[in-house]
Amino acid sequence: MGRPRTTSVPGRAHSQGPLTATVASGTAELRPDRDRPHAWQLLLDGAPQSLVDLAEPGHLGFEYQRRLGHLIDTVAPARQPLSVLHLGGGALTLARYTAATRPRSRQQVAEIDTALTELVRTELPLDRTWQIRVRGADARAVLERTAEDSTDLIVADIFAGARVPAHCATVEFVQLAARALHATGHYTANITDGGPLGFARAQAATLRAVFPEVCLIADPAVLRGKRFGNLVLAAAHTPLPLTELTRRLAADPAQARLLHDRDLTDFIAGAAPVTDARAVPSPAPPPKAFD
């Protein structure tokens, strides 16, 4: 993880209290974290989106973000700089994490909500030495314009409100990602689902239609349909770092299962890949899902 900063920490102080602002995607709230003196939660319309520790950008407080962090950590040797495309920005937590743990990485972020980005940049500023460029555009539009064979890692964490938009959850979308990646590159996506997990099963099938190597990581209770939650998918044209991923997941305070190969086939249970013609957004979270 990145080291905590020892000098004064720029950005909003807890003494200033929470902040609420209207942005394009709804009502954004920056809420001081109770456990960390320089950390802030970002909520959109009451749904938790991100946690940022201004003093320690290598800290990932949300379970799904740590799982994405494990993937960022294992796709290349430690501290090796990467070229990364983040689709969906929020509070830029994963871009900060990558900059702290893989110095000199070149990162681009697609975040359609420019008002949210301005709020985050003002109140939770980025280190000026980090090579992070934020573009105010639709994630798929940015992906369409990304050069072929130009990227080591694509992190898709795309939500319109609390739902993954339909046009960013299809075979055609994943094909664009595969085109942008180097031959040894990796694609990872955070999605949400619950109950029978029809959306998640179809998304796993969608990635398998494009990439030969796919795995899924989630809380066992989510996989059993007992609660609504996050599921993380990873894909590549080369073998995934399953051994190291499994080790890191086992050491993580939040329980998780990794499904790959036959276990993933069983999970997909015959679900068909999703094309643009029949795409739907992820299901809306049930009431009080984030209480």
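Please read all numbers here as calculations on a predicted model, not as lab measurements.
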Could you check whether atom CZ of R106 has more than 12 heavy atoms from other residues, nucleotides or ligands sitting under 6.0 Å from it?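 Open.
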Residue E144 excluded, over 12 heavy atoms near CD under 6.0 Å: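 Counting neighbours around CD of E144, more than 12 heavy atoms of other residues, nucleotides or ligands fall under 6.0 Å, so yes.
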Keeping [X] on the side-chain end and [Y] on the backbone end, is there a donor-acceptor pair under 3.5 Å?
{"X": "D113", "Y": "S25", "result": "yes"}
{"X": "T27", "Y": "D45", "result": "no"}
{"X": "E111", "Y": "G89", "result": "yes"}
{"X": "R102", "Y": "I72", "result": "yes"}
{"X": "R67", "Y": "A218", "result": "no"}
{"X": "S83", "Y": "D152", "result": "yes"}
{"X": "N190", "Y": "V232", "result": "no"}
{"X": "R179", "Y": "T146", "result": "yes"}
{"X": "R163", "Y": "S282", "result": "yes"}
{"X": "Q107", "Y": "A95", "result": "yes"}

Determine the minimum heavy-atom distance between [X] and [Y], stating which atoms define it.
{"X": "G46", "Y": "L43", "value": "O-CD2, 3.6 Å"}
{"X": "I154", "Y": "A177", "value": "CD1-O, 3.5 Å"}
{"X": "E118", "Y": "T122", "value": "O-OG1, 2.8 Å"}
{"X": "G194", "Y": "F228", "value": "N-CD1, 3.7 Å"}
{"X": "G17", "Y": "P32", "value": "C-CG, 4.2 Å"}
{"X": "A28", "Y": "L42", "value": "CB-CD1, 4.2 Å"}

With side-chain hydrogen bond (donor to acceptor under 3.5 Å, both in side chains) as the criterion, how do Q108 and R135 come out once you've worked through the C-alpha distance, each side chain's angles and the decisive distance to 0.1 Å? CA-CA 7 Å; Q108 183 177 186; R135 299 178 64 178; 2.7 Å; yes
Do L223 and Y64 belong to the same hydrophobic cluster, where Ile, Leu, Val, Met, Phe, Trp and Tyr are linked whenever their side-chain heavy atoms lie under 4.5 Å apart, directly or via other members?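 Unlinked, L223 and Y64 end up in two clusters.
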Any carboxylate oxygen within less than 4.0 angstrom of a Lys/Arg side-chain nitrogen, looking at [X] and [Y]?
{"X": "D219", "Y": "R257", "result": "no"}
{"X": "R140", "Y": "E172", "result": "no"}
{"X": "E244", "Y": "R247", "result": "yes"}

Show the numbers, then the answer: is there a side chain to side chain contact (heavy atoms under 4.5 Å, CB included) between L71 and H186? CA-CA 9 Å; L71 286 158; H186 292 75; over 6 Å; no
Beyond-backbone contact of [X] with [Y], side-chain heavy atoms, under 4.5 angstrom:
{"X": "Q203", "Y": "F199", "answer": "yes"}
{"X": "W40", "Y": "E123", "answer": "no"}
{"X": "L116", "Y": "L44", "answer": "yes"}

Run the side chain to side chain contact (heavy atoms under 4.5 Å, CB included) test on Y187 and L85 for me, step by step, so that the C-alpha distance in whole Å, both residues' side-chain angles and the decisive distance to 0.1 Å come before the verdict. CA-CA 10 Å; Y187 174 84; L85 173 59; over 6 Å; no
So Y97 and D53, side-chain hydrogen bond (donor to acceptor under 3.5 Å, both in side chains) or not? Walk me through it. CA-CA 10 Å; Y97 179 83; D53 191 326; over 6 Å; no
With rounding to the nearest 0.5 Å, note down the distance linking CZ in R12 to CG in L119.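 Reported value, rounded in 0.5 Å steps: 9.0 Å.
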Does H237 have its ring centroid less than 6.0 Å away from the ring centroid of F211?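 Yes, they do, as the ring centres are separated by less than 6.0 Å.
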Step by step, work out the side-chain hydrogen bond (donor to acceptor under 3.5 Å, both in side chains) result for D276 and H167. CA-CA 7 Å; D276 282 348; H167 72 294; over 6 Å; no
